[in-house]
*Asks:* 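The structure is given below, and queries will be raised subsequently.
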Amino acid sequence: MRRRLLILAITLTAAVLTALIAPLVTAYAEERAVTLHEQRLAAATRFAALVDDSASGAPALLGPDLARYDAVTGSTRSAVIGPDGSTLAFGAEAPVGSDPRYDDAVQRALTGTPTTAPSALWPWRTDPLIVATPIGRDAQILGAVVMVVDTAGPRGDVATRLAVAVAGGIALLALVAFLVGVPLVAWVVRPVDQLTERVQTLASGRRPGAAEHAGPPELRRLATSFDEMARAVEYSRSQQRDLIADVSHQLANPLTAMRLRLDGLAADDPAVEPVLAEADRMARALEGVIEVSRAGGHDRRRVPVDVAAQIRERIALWEPLFDGRLRVTGIETEAPAVLEEDLVPTIVDTLLDNAAKYAPDSPVEITLERTGTGDARRYVVTVRDHGGPTDTGSSSTGPTDTDLTDTGLTDSEAAELGERFHRLPRHADVDGTGLGLSILVLRVRDAGGSVVIEAAHPGLRCVTTLPARPGPGTSAANPDAAVPAR
């Protein structure tokens with residue numbers, strides 16, 4: 001928009017300058033044409049007055065005078081023409097009557113009509129100027145004086161004036177664009193840029209600041225309307241989070257009391273154990289709902305961390321459960337980043353917990369890769385399992401929607417993972433709430449990263465990309481000071 005407005009302003013300014021400069025240059029070109037014609041016509045009239053009559057031999061005596069005049073002007077070829085059209089005398093060089101304009105000027109002069117000045121002398125018109133005036137006594141035409149004038153000199157003057165006018169116009173246009181156009185366009189566009197930034201801030205889950213309310217009245221009204229909308233959206237978000245927090249708090253106490261009573265009953269009656277397990281599952285689901293409600297909130301706190309060190313810590317805790325089936329690469333060297341302190345442990349715990357539940361006895365590969373440099377540096381954490389014991393992966397293209405194994409995943413099923421409370425029907429008997437991956441996706445998104453979940457044929461692959469430094473699209477605040485990663 002800024003570029004288009006600036007182009008429009010420059011175009012309008014250029015049109016105004018052209019409308020001012022064009023008449024000035026045209027007037028100068030016309031003035032040079034009239035002046036040159038009048039000078040040569042005056043000289044031709046003087047030579048015509050010296051001619052007495054063709055029979056006395058006077059025209060032939062004018063040859064030296066014509067030659068001197070041609071030599072002085074340096075751009076004229078003069079001649080005296082008789083009433084029959086023959087050349088009676090000429091200067092240094094006789095004009096050649098091969099130009100139709102020359103013949104027409106001679107014929108008009110022999111009829112008693114002198115030539116008129118051309119409209120203008122332009123640099124791109126190289127034809128000579130032809131001046132002719134009749135020679136007469138009383139009402140009798142005795143001949144004509146014709147001058148063919150080279151207009152290179154005057155045309156050069158016009159070209160110089162035209163170049164100076166164009167250069168001055170361009171300089172003035174650049175000056176006006178720099179001193180007026182750029183500040184004016186910036187003044188108009190600044191509210192739009194601020195509104196764009198605030199829309200992006202609101203879309204990322206953060207609270208946009210107040211606008212400066214500068215610029216044209218229409219844009220100020222738009223900024224005011226956006227402020228009202230942002231306040232309404234923030235109020236709605238706050239009400240939603242408060243409602244979930246209040247409901248969760250109200251449910252947590254009765255649920256805890258119920259679980260305590262079930263613990264007491266389970267000691268005497270084993271039949272209560274399934275009910276106790278459901279109570280535990282309900283408690284985990286409630287905690288997951290609370291975590292989901294925090295997505296896009298402003299209470300995320302980032303600190304300097306070492307991604308590789310955190311992965312090593314979690315692997316050390318999970319290794320006994322997998323009994324040597326974890327294959328880890330890329331965590332040998334440190335990977336400094338600024339993230340939530342528990343984000344990387346949550347990623348590793350969630351994905352390894354899923355692998356342990358849905359792909360038992362399967363080898364699991366964990367890879368940490370580093371991409372980019374500086375503020376664009378990113379870390380890619382890939383966790384891939386190889387499916388359950390019945391997922392042999394014999395097909396070269398992997399399972400399809402009609403070729404299901406006990407724990408294998410199709411592409412369509414993998415695309416649905418990460419949705420809230422989504423679980424596969426054949427995994428209904430596996431303990432879980434369907435919120436683990438959705439919480440993972442939301443938290444990584446709040447950190448400015450991304451999560452890709454796809455079928456690995458066999459098994460599942462989850463690729464998590466994390467920024468090394470927080471970007472403008474994240475919803476958490478930067479740490480107070482940058483310190484080396486631990």
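Residue numbers start at 1 and run along the sequence shown. Scope of the values below: all heavy atoms of this structure, side chains included, with no hydrogens, waters or symmetry mates.
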*Asks:* Side chains of Thr464 and Val380, heavy atoms from C-beta outward: is any pair under 4.5 Å?
*Replies:* no
*Asks:* Do Asp349 and Arg314 make a side-chain contact, defined as non-hydrogen atoms from C-beta onward lying under 4.5 Å apart?
*Replies:* yes
*Asks:* Between Arg302 and Glu341, is a side-chain contact (heavy atoms from CB on, under 4.5 Å) present by the stated rule, with each step listed?
*Replies:* CA-CA 7 Å; Arg302 294 191 296 260; Glu341 190 169 12; over 6 Å; no
*Asks:* Which heavy atom of Val451 sits nearest to which heavy atom of Leu440, and what is that distance?
*Replies:* CG2-O, 4.4 Å
*Asks:* Decide yes or no on side-chain contact (heavy atoms from CB on, under 4.5 Å) for Leu36 and Val149, but give the supporting numbers first.
*Replies:* CA-CA 9 Å; Leu36 181 62; Val149 184; 4.1 Å; yes
*Asks:* Within the 4.5 Å heavy-atom criterion, are Ile366 and Ile315 side-chain neighbours or not?
*Replies:* yes
*Asks:* Taking atom types as modelled, is there a side-chain donor on Glu30 or Thr26 under 3.5 Å from an acceptor on the other?
*Replies:* no
*Asks:* Taking all heavy atoms of Trp122 and all of Arg155, pick out the closest pair and write down the distance.
*Replies:*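 Looks like O-CD, 3.2 Å.
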*Asks:* How close do Pro467 and Ala447 get, heavy atom to heavy atom, and via which atoms?
*Replies:* CG-O, 3.2 Å
*Asks:* Within the structure provided, determine whether Val463 and Arg461 are in side-chain contact (heavy-atom separation under 4.5 Å).
*Replies:* yes
*Asks:* To the closest 0.5 Å, what do you measure between CZ (Arg312) and CD (Glu332)?
*Replies:* 8.0 Å
*Asks:* Under the side-chain contact (heavy atoms from CB on, under 4.5 Å) test against Ile21, which residue among Thr18, Leu24, Val25 passes?
*Replies:*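 When side-chain contact (heavy atoms from CB on, under 4.5 Å) is applied between Ile21 and each of Thr18, Leu24, Val25, only Val25 qualifies.
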*Asks:* Supply the atom-to-atom distance Leu339 CG to Asp306 CG, rounded to the nearest 0.5 angstrom.
*Replies:*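 If I round to the nearest 0.5 Å, the distance is 11.0 Å.
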*Asks:* Might you confirm whether atom CZ of Arg101 has over 12 heavy atoms from other residues, nucleotides or ligands at distances under 6.0 Å?
*Replies:*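 Above 12, so yes.
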*Asks:* Compute whether any side-chain donor of one residue and acceptor of the other, for Trp318 and Asp353, lie under 3.5 angstrom apart.
*Replies:*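 Asp353 and Trp318 do not have a side-chain donor-acceptor pair below 3.5 Å.
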*Asks:* Are the side chain of Arg325 and the backbone of Ser362 linked by a donor-acceptor contact shorter than 3.5 Å?
*Replies:*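 Looks like yes, one N/O pair under 3.5 Å.
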*Asks:* Asp385 side chain to Gly459 main-chain N or O, any donor-acceptor pair under 3.5 Å?
*Replies:* no
*Asks:* Would you indicate whether the side-chain heavy atoms of Arg327 and Pro363 approach each other to under 4.5 Å?
*Replies:* yes
*Asks:* With heavy-atom distances below 4.5 Å as the criterion, would you say the side chains of Leu466 and Val344 are in contact?
*Replies:*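 Leu466 vs Val344: side chains touch.
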*Asks:* How close do Ile10 and Leu173 get, counting heavy atoms only, and between which atoms?
*Replies:* O-CD1, 3.7 Å
*Asks:* For Arg384 and Ala456, work out which heavy atoms get closest and say how close.
*Replies:* NH2-O, 3.4 Å
*Asks:* Report the C-alpha distance between Thr35 and Gln39 in whole Å, list the side-chain angles of each, state the deciding distance to 0.1 Å, and finish with yes or no for side-chain hydrogen bond (donor to acceptor under 3.5 Å, both in side chains).
*Replies:* CA-CA 6 Å; Thr35 300; Gln39 291 175 348; over 6 Å; no
*Asks:* Is the backbone of Gly330 close enough, under 3.5 Å, to the side chain of Arg370 for a donor and an acceptor to pair up by distance?
*Replies:* yes
*Asks:* Between Ile311 and Val381, is a side-chain contact (heavy atoms from CB on, under 4.5 Å) present by the stated rule, with each step listed?
*Replies:* CA-CA 9 Å; Ile311 294 178; Val381 181; 4.2 Å; yes
*Asks:* Is there side-chain contact between Leu368 and Thr382, with at least one heavy-atom pair below 4.5 Å?
*Replies:* no
*Asks:* Write out all pairs satisfying side chain to side chain donor-acceptor pair (under 3.5 Å) with one or both partners inside residues 156-169, taking only residues at least two apart or from two chains.
*Replies:* Arg32-Asp157
*Asks:* State the CG-CG distance between Leu437 and Leu351, to the nearest 0.5 angstrom.
*Replies:* 6.5 Å
*Asks:* How close do Ala308 and Ala335 get, heavy atom to heavy atom, and via which atoms?
*Replies:* N-CB, 3.9 Å
*Asks:* Could you tell me whether Asp342 and Arg443 make a salt bridge, using a distance below 4.0 angstrom between a side-chain N and a carboxylate O?
*Replies:*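 Arg443 and Asp342: salt-bridged.
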*Asks:* Examine distances only and state if a side-chain atom of Arg469 and a backbone atom of Ala376 form a donor-acceptor pair shorter than 3.5 Å.
*Replies:*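 Answer holds: no.
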*Asks:* Within a strict 4.5 Å, meaning less than it, do heavy atoms of the Glu454 and Val452 side chains meet?
*Replies:* yes
*Asks:* Quick one: does Glu319's side chain have a donor or acceptor within less than 3.5 Å of a partner on Gly324's backbone?
*Replies:* yes
*Asks:* With a 6.0 Å cut-off (strictly less than), is the heavy-atom count around CG of Asp323, excluding the residue itself, greater than 12?
*Replies:* no
*Asks:* How many angstroms lie between atom CD1 of Ile347 and atom CD1 of Ile439, to the nearest 0.5 angstrom?
*Replies:*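 Output value for this atom pair is 13.0 Å.
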*Asks:* Going through the distances and angles, do Val148 and Thr76 end up as a side-chain contact (heavy atoms from CB on, under 4.5 Å)?
*Replies:* CA-CA 6 Å; Val148 179; Thr76 307; over 6 Å; no
*Asks:* Indicate yes or no for a side-chain donor-acceptor contact from Tyr379 to the backbone of Pro336 under 3.5 Å, with no hydrogens or angles considered.
*Replies:*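 Here the side-chain-to-backbone pair exists.
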